Each structure stands twice: as C-alpha cells, then as structure tokens.
**Student:** 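Have a look at this one before I ask anything.
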Amino acid sequence: MASRRNKRPDGPGSSPYDADLQAVGEDIDQRANNLLAAIHNGAGPRELLWIAADVQRSLQDFTALNIARGRAGGQTWDQLGAPLGFSGERLRKKWPMIKIMRRLDTYRNSRATRQAGQPAVPPALPSPRRPPAEEADTDSDTATAAPFAAQTPPQQLAGALSFLQRRTGKPLRQTAAETGISPSHLSRLLAGTRRPSWPVAKNLVAACDGNPHEIRPLWENAHRPTGPLPPPTPPTSTFAGDPGRARDQLRDALRGLYLAAEQPELRRIRAATAHTLSTDHIACAFTSPHLLDWSAMSRLVFALGGRPADLRPLWHTATHHHLMAEAFG
C-alpha cells in the first residue's frame with residue numbers, strides 16, 4: 001500500500017512553509033514590475049542589473065522555500081530536482097537543508113522588519129521621466145504618473161466585475177438576483193475570494209449591461225491552470241482561415257484591462273506611459289490594437305496594470321495576419 005505522504009506529492013497540503021509562499025510570490029511579482037517599469041523609463045544597464053539582482057534573490061528564496069515544502073511533504077530529492085534539471089544528489093549538495101533553513105530565516109526576519117514599517121520592496125532607482133504618483137500633476141500636459149497597480153489575473157477579473165456592478169448603481173441583492181446567485185456568493189466574487197464559472201460570469205456581466213467579450217480574456221487568465229506552459233502555437237495556424245479573430249481577441253483583451261483599471265481617462269493613461277503614447281494612439285489601440293508596434297503595445301498594457309507577456313503571443317498572431325493582408329491584399 002502506498003504511504004499517505006507519497007499519495008499527493010504536488011497537492012496544496014499544509015506545511016510550516018505555506019505561509020511564506022504568497023509573500024515570496026508577491027515579492028517576485030513586484031520586483032519584476034519594477035524591472036519592466038525601469039525598462040520603459042529608459043534605465044541604463046547598471047540600474048537594470050541592480051533590479052535584476054533583486055529579482056534573482058527573490059527567485060532563489062522561492063526555490064529554497066519550495067524545496068523545503070517538498071521535503072516536508074515527503075517528496076524525494078530526485079522529484080524536486082527534475083523541474084530544475086538537477087539530479088537528486090546534485091540538488092541536495094546545492095541546497096542542503098541547513099542552507100535552506102538559514103536562507104528562509106533571513107527572509108522571514110527581513111519580512112518582519114518590512115511589516116514593522118520598512119518598505120516592502122526596495123524601490124527602483126528614481127528616473128526623471130516618471131515621478132512618484134503622489135508627486136505627479138495629472139492635470140498637466142507634461143506630467144507623468146505611475147502605471148495602474150499591477151494585479152494578478154484573479155484580481156483583474158474581480159476588479160472588472162466589481163467596477164461593472166458599481167457602475168449600475170444597483171444594490172448587490174438585486175444584481176445577485178438577476179445573476180441567479182446569492183448575495184453572499186456575489187460579494188465573494190466581487191472581492192476576488194472566489195472565481196466564477198463562465199456561465200455565472202456571463203450572467204453577471206449581462207446583469208450589469210457589460211460586454212462578455214471584454215470579460216472573457218480576464219476570466220480565461222484567472223482560470224489558467226498552473227504548471228508548465230504548453231509549447232506556443234505557431235502564429236500561422238492559430239487562427240487559420242479567420243484572420244479577423246486574432247485582432248478581435250486582442251482588442252477584447254485590451255478592453256478587458258481597461259475595464260479592470262476602471263476605465264480611466266485617456267490622458268491619465270497617457271501620463272502613465274510617460275507620454276510615450278498620445279491619446280489618439282491609445283484610443284486607436286482600443287479599436288485596432290494590431291496597428292501598434294510591440295513597444296507601444298507593451299507600454300500600454302503595463303500602464304493599465306496588465307502583464308505584457310500575457311498579450312504578446314496574441315499580438316504576434318494579430319500582427320502576422322495584418323502584415324499578410326497588406327502583403328497579399
């Protein structure tokens with residue numbers, strides 16, 4: 001009979017390290033966003049390397065944490081080494097438990113200090129092109145502003161649904177009744193503590209007079225399975241025979257981010273791009289995003305609090321079809 005400890009080696013379970021998992025993940029997310037913001041601000045190699053070193057330290061914390069969690073859950077060194085390309089023996093030598101414990105103790109002490117009032121993540125080195133949000137004069141034609149706060153896909157979905165519901169002016173109880181769910185269930189969906197099935201999400205959007213096509217990309221991202229990503233599909237075959245579909249999906253994905261950011265004024269988005277995009281370019285992006293080059297698209301997605309990497313494959317596909325249409329009429 002298989003032992004209980006080996007029954008679900010990858011299950012969520014419970015271990016003394018689980019409390020650290022979200023905190024380390026949030027550190028990685030914040031530092032990665034610092035890196036992208038610095039790139040968009042034209043940072044030099046030295047500044048980028050400082051931020052990259054921060055990202056690398058957080059990734060090492062994450063690696064140590066998950067080795068400790070795996071060992072506590074009964075996984076072997078060989079099982080844990082496989083995703084990293086290491087043999088069990090090599091992993092054990094590279095990450096002995098005493099080294100892992102010391103690293104996690106250092107991380108926890110650092111986190112306790114941050115929670116006591118220190119900054120949660122060392123900020124990116126200042127850039128004259130993007131002052132902090134509290135110093136930005138968004139009424140000025142030349143002022144810059146910080147991008148909208150980066151969110152996880154479930155947070156983006158909840159934010160968009162919450163914005164739609166608030167925009168109706170209806171009481172939660174009425175919206176819940178029109179959606180066909182309980183008020184408590186609706187509250188949890190809007191708070192992001194639960195994720196809706198697609199039928200529920202679609203009914204909720206209809207009850208709020210929204211566009212389900214704009215919510216669908218957010219819903220799909222929020223329900224994206226964890227684990228290794230599948231190999232990318234070649235752009236030439238993704239939407240074979242339907243060139244307009246890729247452009248429509250890219251447009252809907254961008255409008256979904258705009259909705260999750262609570263549909264800010266275009267001049268506020270322009271300021272968040274450090275004025276690298278005009279309001280005309282931004283308006284065009286919400287109707288014909290395939291006309292923007294990737295540099296402009298990446299800046300816009302980041303300014304809206306999205307993750308450019310999530311939209312890049314779709315942009316490539318849409319752009320490919322656009323270029324093919326231009327080339328062959």
Side-chain angles (χ1 to χ4, degrees), residues 29 32-45 47-48 51 124 127-131 133 136 138 140-151 153 156 159-160 211 213-214 217-218 220-221 232 235-236 238-239 243-327:
D29 183 70
N33 274 285
N34 286 347
L35 183 61
L36 188 54
I39 292 170
H40 285 171
N41 283 341
E47 178 180 349
L48 293 177
I51 304 173
S127 167
R129 297 179 60 194
R130 179 175 289 161
T138 55
S140 168
D141 286 338
T142 58
T144 58
F148 296 90
Q151 297 178 309
Q156 288 174 335
N211 183 344
H213 295 294
E214 296 173 359
L218 299 176
E220 289 179 350
N221 274 347
T236 54
T238 304
F239 297 105
R245 186 179 170 200
R247 296 195 292 272
D248 290 344
Q249 289 199 347
L250 179 61
R251 180 199 62 216
D252 291 340
L254 200 59
R255 288 181 177 179
L257 290 176
Y258 181 54
L259 193 63
E262 302 190 353
Q263 295 184 337
E265 294 183 0
L266 298 188
R267 64 191 181 95
R268 170 65 178 85
I269 301 174
R270 179 189 63 187
T273 69
H275 296 271
T276 57
L277 298 179
S278 68
T279 53
D280 287 342
H281 278 105
I282 296 168
C284 175
F286 292 124
T287 57
S288 304
H290 61 286
L291 298 180
L292 270 66
D293 62 28
W294 176 245
S295 176
M297 175 62 70
S298 176
R299 288 178 182 274
L300 179 57
V301 171
F302 183 74
L304 290 172
R307 301 163 187 264
D310 289 344
L311 270 68
R312 186 160 191 168
L314 193 56
W315 176 87
H316 272 298
T317 302
T319 303
H320 169 81
H321 284 303
H322 174 64
L323 295 177
M324 292 290 289
E326 286 188 340

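Residues: numbered from 1 along the sequence shown. A quick note: this is a predicted structure, and the numbers were derived from the prediction, not measured. Just the heavy atoms: all of them, side chains too, but no hydrogens, waters or symmetry mates, feed the values below.
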**Student:** In chain order, what residues pass the side-chain contact (heavy atoms from CB on, under 4.5 Å) check against Ala296, with sequence neighbours excluded?
**Tutor:**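 side-chain contact (heavy atoms from CB on, under 4.5 Å) list for Ala296, sorted by chain: Leu277, Leu292, Asp293.
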**Student:** What distance do Arg312 atom CZ and Asp310 atom CG have between them, rounded to the nearest 0.5 Å?
**Tutor:**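 Rounded to the nearest 0.5 Å, the CZ-CG separation comes to 12.5 Å.
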**Student:** Can you name the closest pair of heavy atoms from Leu250 and Met297 and give their distance?
**Tutor:**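 The pair with the smallest heavy-atom distance is CD2-CE, 4.3 Å.
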**Student:** List the atom of Leu257, the atom of Gln156, and the distance in Å for their closest heavy-atom pair.
**Tutor:**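 Looks like CD2-NE2, 3.5 Å.
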**Student:** Could you tell me whether a side-chain N or O of Tyr258 sits under 3.5 Å from a main-chain N or O of Pro264, the two making a donor and an acceptor?
**Tutor:**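 Yes; at least one donor-acceptor contact below 3.5 Å.
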**Student:** For a 4.5 angstrom cut-off between non-hydrogen side-chain atoms, does Thr317 reach Gln249?
**Tutor:**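 A side-chain contact under 4.5 Å is absent here.
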**Student:** Using every non-hydrogen atom in the two residues, find where Arg247 and Pro289 come nearest and quote the distance to one decimal.
**Tutor:**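 That closest heavy-atom pairing would be O-CG, 4.4 Å.
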**Student:** Which heavy atom of His213 sits nearest a heavy atom of Asp252, and at what distance?
**Tutor:**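 Shortest heavy-atom contact: O-CB, 3.3 Å.
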**Student:** Would you call Phe286 and Leu266 a side-chain contact if the rule is heavy atoms closer than 4.5 Å?
**Tutor:**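 Heavy-atom side-chain distance check passes, below 4.5 Å.
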**Student:** Going through the checks in order, is the side chain to side chain contact (heavy atoms under 4.5 Å, CB included) test met by Thr319 and Trp315?
**Tutor:** CA-CA 6 Å; Thr319 303; Trp315 176 87; 3.2 Å; yes
**Student:** If you look at every heavy atom in Arg299 and Thr273, which pair is closest and at what distance?
**Tutor:**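 In this case the closest contact between Arg299 and Thr273 is O-CG2, 4.1 Å.
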**Student:** Are side-chain heavy atoms of Ile51 and Glu47 found at a separation under 4.5 Å?
**Tutor:**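 Sidechains of Glu47 and Ile51: in contact.
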**Student:** Looking at CG of Leu254 and OG of Ser288, how far apart are the two atoms once the value is rounded to the nearest 0.5 Å?
**Tutor:**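 Nearest 0.5 Å value for the CG-OG distance: 11.0 Å.
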**Student:** Before giving the answer on salt bridge (Lys or Arg N to Asp or Glu O under 4.0 Å), spell out for Arg251 and Asp248 the whole-Å C-alpha distance, their side-chain angles and the decisive distance to 0.1 Å.
**Tutor:** CA-CA 5 Å; Arg251 180 199 62 216; Asp248 290 344; 3.3 Å; yes
**Student:** Looking only at heavy atoms, what is the nearest atom pair of Leu304 and Ala261, with distance?
**Tutor:**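 Taking every non-hydrogen atom into account, O-CB, 4.0 Å.
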